[in-house]
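Presented below is the structure to which this report refers.
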Amino acid sequence: MRTARRTAAAVLLTALAALATGCGHDDAATPPGAGSPSATAISTATSTSAPSGYADMKKKVDAAESAAAEADRDATSDADK
């Protein structure tokens with residue numbers, strides 16, 4: 001039983017390592033000719049800058065959270081009973 005658990009744990013860790021490696025930052029996403037960002041560009045970037053599309057995604061997440069909270073309130077309310 002211990003061997004099976006150790007084998008399963010090893011397989012799981014290997015799969016997680018493969019996922020982490022495969023899902024890491026991909027330089028292929030950089031447009032052709034753009035190259036990697038220079039050290040100057042990296043050092044001048046602020047920590048508060050958000051990636052492109054972040055504001056739209058935040059609105060969608062907020063709307064989903066609001067809908068989930070409303071559904072939860074509706075499910076726990078006594079109005080339908």
Side-chain angles (χ1 to χ4, degrees):
M1 190 63 149
R2 279 186 156 178
T3 304
R5 285 186 181 174
R6 287 183 181 171
T7 303
V11 169
L12 179 64
L13 289 175
T14 303
L16 288 174
L19 282 172
T21 302
C23 295
H25 178 68
D26 186 10
D27 287 333
T30 305
S36 62
S38 67
T40 306
I42 292 172
S43 65
T44 59
T46 62
S47 62
T48 59
S49 64
S52 161
Y54 179 79
D56 291 334
M57 189 56 65
K58 178 134 176 65
K59 287 179 187 176
K60 290 178 183 179
V61 169
D62 290 342
E65 288 176 343
S66 177
E70 180 64 31
D72 192 36
R73 281 192 298 272
D74 185 45
T76 58
S77 73
D78 292 331
D80 294 335
K81 295 178 183 173

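Everything numeric here is computed off the predicted structure, so don't read it as measured data. One-based numbering along the sequence shown.
- Alongside Leu12, the hydrophobic cluster contains Leu16 (criterion: ILVMFWY side chains under 4.5 Å).
- For Asp72, the salt bridge (Lys or Arg N to Asp or Glu O under 4.0 Å) test picks out no residue, with sequence neighbours left out.
- Every pair passing salt bridge (charged side-chain N to carboxylate O under 4.0 Å, His left out) that includes a residue from residues 49-60 is listed here, sequence neighbours excluded: Lys58-Asp62.
- Checking side-chain atoms of Ser77 against main-chain N and O of Asp74 turns up a donor-acceptor pair under 3.5 Å.
- When the side-chain hydrogen bond (donor to acceptor under 3.5 Å, both in side chains) test is applied to Glu70, the partners found at least two apart in sequence or on another chain are Arg73.
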